[in-house]
> 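This is the structure I want to talk about, given as structure tokens.
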Amino acid sequence: MIRERFAPSPTGYLHLGHAYSAAIAWRSARSGAGQFLLRIENIDVERCRAEFERAIYEDLAWLGFSWASPVMRQSERSSAYAAALEKLIDLGICYPCGCSRKDIRQSLSAPQENRPGKSPLRPTATYPGTCRSRSMRGKTDEDAIRINLNKAFDLLGGSSSIRNLEWVETGVERKGVHRLDPEFLESLHGDFVLARKFVGTSYHLACVVDDSEQRISRVTRGMDLVDSTPAHRLLQELLGIEPPVWHHHPLVRDENGKRLAKRDDARAIRKFRDDGLCPTEIFKLSGVPQL
Ligand code: GLU
């Protein structure tokens, strides 16, 4: 049975891009008598607000979506994340990191350590490995936890074994079978964060753990997240999780070609609703004919 999810973060009002994404997942689930699940990704306590979460339920229901309850809320899942993190720590592939964003930026400006990301979507610089030699025994409350990619690759049998890890993508822009490329993963993310200080998880870890818990068979989301997939595939392998299929759809853009953002209230679903538009008109504007 197909199981799809829509996983918004309550950091603003849903916009046309969300209507599009949820509709793609909904239609895929419906086409196979499958299930459409909702997940509230609210680990970022500083940016998430109850008001936006309420608006997510209201807007989705008004658009005609329905979903199984209870809804998974990441703020209630800390023990699941802690268990997964513990498993990764026990594998000996984690280290504590006390670097601030500023530290990371500064160390990246040294030419010998500068390894700019290769991704056309996210040309951000990767973490240079400053704290890599630290041991988990020396972790303090101020530290984040990072994965040591080289140790993780070795654990899984080295580069050639890693290259055998596959996944299927059904989205039009990257359709096909992909293989994990360790160097590409490293250039995209470096030793990525598994848990931030005080939070106990990161987007990557929570997403993999939750997709597994919700038994998601196809992950539908925008192309802006396509570069997370290699990191997720690696974590799944380390945690013994069967990978889903991924479907990264093109982004809904404004008339200037810019990706819609939550702060872009002009395209918020509730703004259109207040202006008198009906759900069918909203789906049309977003680029999907209807549910
Ligand atoms: N919470 C993310 C967002 O609102 C989506 C993450 C995902 O679908 O994997 O953009």
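The shown structure was predicted, so the numbers you read here are calculated from the model rather than taken from an experiment. First listed ligand is number 1; within each ligand, the first listed atom is number 1.
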> In ligand 1, which numbered atoms sit nearer than 4.0 Å to a non-hydrogen atom of Glu41?
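Atoms satisfying the 4.0 Å criterion: 1 (N), 2 (C), 5 (C), 6 (C).
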> Under 3.5 Å between any N/O of Pro8 and any N/O of ligand 1: does that happen in this structure?
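N/O-N/O distance under 3.5 Å: no.
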> Hey, is ligand 1 close enough to Arg39 that some N/O pair sits below 3.5 Å?
no
> Numbering the atoms of ligand 1 from 1, which are under 4.0 Å from a heavy atom of Cys207?
9 (O)
> Under 4.0 Å from ligand 1, counting heavy atoms only, is it the side chain of Leu225, its backbone, both or neither?
side chain
> Is the shortest N/O to N/O distance between Ser9 and ligand 1 below 3.5 Å?
yes
> Considering non-hydrogen atoms only, spot the tightest contact between Tyr203 and Ser228 and give its length.
CE2-OG, 3.7 Å
> Tell me every residue that passes side-chain hydrogen bond (donor to acceptor under 3.5 Å, both in side chains) with Arg270, counting only those two or more places apart in sequence or in another chain.
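Partners of Arg270 under the side-chain hydrogen bond (donor to acceptor under 3.5 Å, both in side chains) test: Glu58, Asp59.
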> With sequence neighbours excluded, what pairs up with Phe36 under the ring pair (Phe, Tyr, Trp, His ring centres under 6.0 Å) test?
Trp26, Phe65
> Against ligand 1, does Arg5 come closer than 4.0 Å with any heavy atom?
yes
> Please tell me whether Asp143 and Tyr95 have a donor and an acceptor in their side chains that are separated by less than 3.5 angstrom.
no
> Could you tell me whether ligand 1 has any atom less than 4.0 Å away from a heavy atom of Tyr203?
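True for this residue.
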> Can you confirm whether the side chains of Arg174 and His248 place a donor and an acceptor under 3.5 Å from each other?
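Result is no, nothing qualifies.
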> Between Cys131 and Cys99, what is the shortest heavy-atom contact and its length?
SG-SG, 3.7 Å
